[in-house]
Protein chains: 2
Amino acid sequence: MSTARHASAPFTVDLVVLTALTSELAVLLEKGKGNSGRWTLPWRLPVRSESLNAVSGRLAVSAVGSKAAWIEQLGAFGDGRAHPSLVQLSVAFVAAVPHEMAGPERGFHWFPVRDLPPLAPRHRSMVEAAIERLRMAVDRAPIAFRLLPPRFTLTELQQMYELLLGKRLHKASFRRSLQAASLVTATDEWRSEGRGRPAQLYTFAPKRKNRPARGVRFDLLGGTGV
Amino acid sequence: MSTARHASAPFTVDLVVLTALTSELAVLLEKGKGNSGRWTLPWRLPVRSESLNAVSGRLAVSAVGSKAAWIEQLGAFGDGRAHPSLVQLSVAFVAAVPHEMAGPERGFHWFPVRDLPPLAPRHRSMVEAAIERLRMAVDRAPIAFRLLPPRFTLTELQQMYELLLGKRLHKASFRRSLQAASLVTATDEWRSEGRGRPAQLYTFAPKRKNRPARGVRFDLLGGTGV
DNA sequence: TCGAATTAGTCACTAACTGATACTAAAGTC
DNA sequence: GACTTTAGTATCAGTTAGTGACTAATTCGA
């Protein structure tokens, strides 16, 4: 580790902002402030007594110009992986914003996650963790809905879920479980999108329901280092 | 925030060690080092250049005397909630250990989570987050198995899951999904536990299987702040 | 104008899973 | 030996998930 020591708090707050680009997940990067002009995640040395949530929220606003649709702490990253600030510890946040939302501020740029420029090792592991966390969060928070405009077609919604989850979904099953969860209500508007039959527009209007509270999910155990 | 400033790293690593006490979840607390003699979570000011994982691992060993059965980073906690160290930031870890394992070291004590002594606010929120995280992790990591002795009955396994999840499970369903996941193998031993029919002993012996990869879980959306 | 192509939306069928109850098995207790 | 207690299994009905096939409504080109 280096010996950098400045006035402000001794750790950085870093932010992984994700969005749905055309048909791919994308991360917001900033033209590196200091050293080599490389791209970095947006980050900041918070002043003391600022709360982590406040810092990350304002960092998001300063990067995309408005409040994030979803934001959550990822965790602390350190462990010798290099960081542009030379600070030992970074607290990372994940956020998601609709791409159409007032575009990124000057100096920021969207990069598809499959084709990122070289990043500091610590930033690279943050991006990986962020994508994983987003996929976990997608069915616990209404992220997909918040990335869409207020009125959307069910096909758009399904494509958003497919993009976020990184896998194809079956149309009939998707709509059945959407129906069962009573999360959307149909409007009386239809939108014709070029070729085929027009699609009905829906709005996000969740009605509280009790969770089913299934049993144990042993099946999830198969995956990783058992 | 206070103005404490010492030589070592400017944040603490704190640990929430959980175990299955008789029929309740319990947390390991330490008799407060400094101030008021209150109980605290085990914590430490790491020396620079130590990795977070290394610090938390050794912290666990120093508290319970052996390696934790499961350990995972919870996240960073700050935000003005008081901490015994007076340091601005703490990185928290959750761990689980079998209770029978070489008991806690001197100065440490198990407390049922339903009946905790007064804790620093930051520690209290760590404990809450830890329990929630444990419940999420239970069906992604073999925590229940590692909290049991190498040979166990299926009733013991079920009771461990019930304790960790904080809810009752259905016997037949539990065994059916356990079977489907092919995680245990029967031994030819049986154990008679007082009254009824003896129970067969099993060992944890997972055979890798592919995950099922279900669709979208809209049903999970009903719960919290939508 | 009439089909072919295209996209939206639904149906019906099957397989799998869940939860409940009831049952058999093997031990101890009186 | 009858009764109680715990382990373990079987069966059944209701629910859910995945699949392909179907109908509906529109555009495009011949």
Side-chain angles (χ1 to χ4, degrees), chain A residues 22-23 138-139 148-149 151-163 165 167-203 209-222, chain B residues 23 139 148-149 151-163 165 167-203 209-222:
Chain A
T22 326
S23 61
V138 153
D139 49 31
L148 290 171
R151 324 210 133 199
F152 49 85
T153 71
L154 296 189
T155 302
E156 286 170 345
L157 181 63
Q158 178 174 348
Q159 285 169 347
M160 180 62 74
Y161 267 99
E162 289 177 340
L163 193 157
L165 294 173
K167 68 179 180 192
R168 301 299 313 277
L169 299 172
H170 191 270
K171 182 167 60 160
S173 301
F174 180 81
R175 292 174 183 223
R176 209 189 304 123
S177 43
L178 186 59
Q179 191 80 21
S182 50
L183 290 173
V184 297
T185 52
T187 69
D188 52 359
E189 290 180 64
W190 298 71
R191 180 198 296 160
S192 191
E193 199 85 68
R195 294 285 272 183
R197 167 176 170 175
Q200 190 164 15
L201 295 182
Y202 287 76
T203 58
K209 302 205 19 177
N210 298 336
R211 304 192 183 195
R214 287 225 191 33
V216 189
R217 302 288 311 274
F218 287 114
D219 51 292
L220 294 174
L221 248 172
Chain B
S23 62
D139 50 31
L148 289 171
R151 325 209 134 199
F152 49 85
T153 70
L154 296 190
T155 302
E156 287 170 345
L157 181 62
Q158 178 174 345
Q159 285 168 347
M160 180 62 74
Y161 267 99
E162 289 177 342
L163 194 157
L165 294 172
K167 69 180 180 191
R168 301 299 314 277
L169 298 173
H170 186 82
K171 182 168 63 162
S173 301
F174 181 82
R175 292 173 183 223
R176 219 184 301 126
S177 42
L178 187 59
Q179 191 79 22
S182 50
L183 290 172
V184 297
T185 51
T187 68
D188 52 0
E189 289 181 63
W190 299 71
R191 179 197 297 159
S192 189
E193 199 83 69
R195 293 283 271 181
R197 167 176 170 174
Q200 191 164 14
L201 294 181
Y202 287 77
T203 59
K209 303 209 12 183
N210 297 336
R211 303 194 185 192
R214 287 219 186 41
V216 189
R217 301 288 312 273
F218 287 114
D219 50 293
L220 294 175
L221 249 173

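Here is the naming used below: chain letters follow the sequence lines, and residue numbers restart at 1 for every chain.
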Legend entry - Lys/Arg-Asp/Glu bridge criterion (N-O < 4.0 Å) met for A:Arg191, A:Glu193: yes

Legend entry - Difference in axis direction between the ends of the helix from C:dT1-D:dA30 to C:dC30-D:dG1, five pairs, 10°: 10°

How close or far is atom [atom2] of [N] from atom [atom1] of [X], stated in whole angstroms?
X	N	atom1	atom2	answer
B:Glu189	D:dA7	CD	C1'	17 Å
A:Glu193	D:dA25	CD	P	19 Å
B:Arg175	D:dA10	CZ	P	12 Å
A:Arg191	D:dT26	CZ	P	15 Å
A:Phe152	C:dA8	CZ	C1'	16 Å
A:Leu157	C:dG9	CG	P	12 Å

Inset, instruction - Treat primed atoms plus P, OP1 and OP2 as sugar-phosphate and everything else as base, then score nucleotides 21-30 of chain C 5' to 3': B for base contact with protein heavy atoms under 4.0 Å, S for sugar-phosphate contact only, - for none. - result: B---BBBSS-

Inset, instruction - Quick one: label A:Gln200 by what it contacts on the DNA or RNA (base, sugar-phosphate, nothing), any heavy atom closer than 4.0 Å. - result: sugar-phosphate

Legend entry - Sugar-phosphate only, base, or nothing, as touched by A:Thr155 at under 4.0 Å among non-hydrogen atoms: sugar-phosphate

Legend entry - Which nucleotide in C:dT18, D:dT19, C:dG9 has an atom nearest any side-chain atom of A:Ser173: D:dT19

Legend entry - Of the listed nucleotides D:dA17, C:dG9, D:dG8, the one nearest the side chain of A:Arg176: D:dA17

Inset, instruction - Applying salt bridge (Lys or Arg N to Asp or Glu O under 4.0 Å), name anything that partners A:Arg176, two or more places apart in sequence or on another chain. - result: none

